[in-house]
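Here the structure comes first, spelled out in structure tokens, and everything after it is commentary.
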2 protein chains.
Amino acid sequence: MATRLSDVAARAGVSVKTVSNVINDYPHITARTRAKVEAAIAALDYKPNVSARSLRKGRSDFIALAIPEMGSPYFAELGAAISRAAKRRGITVLIDQTEGESAAERFVLDGMRGQLIDGIIFSPLATAPAKLTSADTGKPLVLLGERPAGGQFDRVAVDSVQASYDATTHLISLGRHRIAAIGVGGTGTGAVRRKGYRKALKAAGMAHDPVLELAGTGYHRLDGAASMRELLALPEPPDAVFCFNDLLALGALRTLADAGLRVPDDVAVVGFDDIEDGRYHSPSLTTVSPDKEWLADNAVALLLDRIAGNGGSTHRDLTVPYTLEIRESTGG
Amino acid sequence: MATRLSDVAARAGVSVKTVSNVINDYPHITARTRAKVEAAIAALDYKPNVSARSLRKGRSDFIALAIPEMGSPYFAELGAAISRAAKRRGITVLIDQTEGESAAERFVLDGMRGQLIDGIIFSPLATAPAKLTSADTGKPLVLLGERPAGGQFDRVAVDSVQASYDATTHLISLGRHRIAAIGVGGTGTGAVRRKGYRKALKAAGMAHDPVLELAGTGYHRLDGAASMRELLALPEPPDAVFCFNDLLALGALRTLADAGLRVPDDVAVVGFDDIEDGRYHSPSLTTVSPDKEWLADNAVALLLDRIAGNGGSTHRDLTVPYTLEIRESTGG
DNA sequence: CTGAAAGCGCTTACAG
DNA sequence: CTGAAAGCGCTTACAG
């Protein structure tokens, strides 16, 4: 049998209430009592039973992080940062892979894992965030990433339109004239980043060419490689490509290398996310670099604040700082 | 107040025992009773409280996966696979980043999180596995990766000596004469893979040259790039490099590209792990490819079997199948 | 500060 | 199959 609170109390010669007070850092405990209790805890190697505690308190100090896939570098790096940020606050993160499936996303929102978790940080892919209503989840929820107008949850995200505008403008400033986009489509990331892309073209007096906007089926290297092949098969191939994430860009670079084209001389490439692979690739990848630590820290803080009952009915929206990291793939 | 078991029982007109029986799939329930109960569960949107359940049963159906860092692609891919394998069995995985720190590893082994988890899958870095004793952890534990002789836990790992032997032999078969190794050092991975490397050299009648064995400070791209720079500064640089993981190899490839050297013509490169980055890199990376799905599935199965009380005092040791994937970095 | 006691929501012998 | 009840290990009013 594991040692219990009452064993500690007996050994320290105090009541269970006092032991509980010590563990939970309540005030009004004399240093002498505290020392006695701590000695007993150490002697018995006592560890509180978290199931009992959370059953009683109705709080578990667990939060869920629901992401499409943790094998994907951006989400892996983000998950690592969020785990660290939560741990600093005494919170444990359960990571759930939805694999972009509606059913799995629904499951998470359904208050997954019974009543175990206190709240959810949710990076949606299949579920259009606009369709979420607070009835879908009894739990506090913080949304990561794009959200169409009218959302009703707290959110932390980069200004994807502005960042995409900056990325495209960088390509224009290099004197490129046929600038393609890989990763358009859908109502989320693809739509929002295309908006910034088109806006930059328009600002420069350039028309957007639908033939240069590639949708693909996903956001992996495979998709980027395939889209780039399509672009190269065009009568007039592009001289620059803005890929809506780094994985697409790395796939595109692979296709360009296979085709014997020089980067950035023949084709300049920009990505989005700043995953570590891109920094070490040859050529290194120019990319939009969101501050992931900032994102993680603020997403956790926002959720905990909401769990604590703050925030009321306002839907807070935090904008993640970013920089455009200019590297070899655009001549940097 | 959330709906409870007793609410469901009241609505279905049965006892709580019967509801519990339905939920836990006990036999001897008529189809009619089951249907009544399930209708009530659906109508009330009832979800069992896992804290209460695990408090009562003494089992949580949670296991911990302790890895050095989830931002690292190999561990991210492994974590994803283990999460999936566990979910198939109704088990939830808590992922813990130890960041290779002794204290954090110790914390995990200490039966982390109170009595929440039922067992641990542990990929050690700082803690020499040989030093572990079963007294360190009250929980069933499965070790991942290298283990010096004398370990006393169940383990799942590739035969690193043999795999390193194969990788090095492949380089020898290409006619290379100065074959370097990056990632030697320590008592774990570095030591074991060096053993296979030296063994292959010896089998081919070649002497190993200490000057060609680079230790570095870690297993990241940064370390691989730095080690490769050291090798290129040698009076007689190598014509082939066996890197003890893919990240090191990708860093080395970056240095080679910067130096204007051709791969594999000037220097052939082999990695270990088969992470996705290597497959898409230019040149694509020849590497030892462990079957990660097999590893994940068997690690989870082994742990659950141990949790169920099986296995006795035998220390089971499972060997993960692998292949050598020959790609462009060695001319494949 | 202490002590005795209730109760969080389950599962599980127990008697029928 | 059912029903009444105990108990998992905590936290928290409550009375002192």
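Proteins get letters first, then strands, A, B, ... in listed order; numbering begins at 1 in each.
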Stepwise side chain to side chain contact (heavy atoms under 4.5 Å, CB included) check, I95(B) with M70(A): CA-CA 11 Å; I95(B) 297 177; M70(A) 60 170 285; 3.6 Å; yes

Non-neighbouring partners of [X] that pass side-chain hydrogen bond (donor to acceptor under 3.5 Å, both in side chains), sequence neighbours left out:
X	result
D61(A)	R59(A)
R88(A)	D297(A)
E38(B)	none
K36(B)	none

Residues forming a side-chain contact (heavy atoms from CB on, under 4.5 Å) with [X], sequence neighbours excluded:
X	result
A296(B)	A81(B), I82(B), A85(B)
R306(A)	P140(A), D154(A), R316(A)
S6(A)	R4(A), V16(A)

How long is the line joining CZ of R59(A) and P of dG9(D), in whole Å?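 Taking atom P of dG9(D) as the reference, CZ of R59(A) is at 24 Å.
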
Distance check needed: dC8(D) C1' versus N49(B) CG, whole Å only.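 Distance check: N49(B) CG to dC8(D) C1' gives 13 Å.
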
Distance check, P atoms only: dT12(C) and dG16(C), in whole angstrom units.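 The answer is 22 Å between these two P atoms.
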
Give the dot-bracket line for DNA chain C from 5' end to 3' end: parentheses for intra-strand Watson-Crick or G-U pairs under 3.5 Å, square brackets for crossings, | for inter-strand pairing, dots for unpaired. |||.||||||||.|||

Letter per nucleotide, 5' to 3', of nucleotides 11-16 of chain C [B base touched, S only sugar-phosphate touched, - untouched; heavy atoms, 4.0 Å]: BBB---

Please tell me which of L55(B) and S15(A) maps to the more 5' nucleotide of DNA chain C, matching each residue to the nucleotide holding its nearest heavy atom.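 First, find each residue's nearest nucleotide; the 5'-ward one identifies S15(A).
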
Using a heavy-atom cut-off of 4.0 Å across all strands, would you classify T33(A) as base, sugar-phosphate, or nothing?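 Here T33(A) touches the backbone only, sparing every base.
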
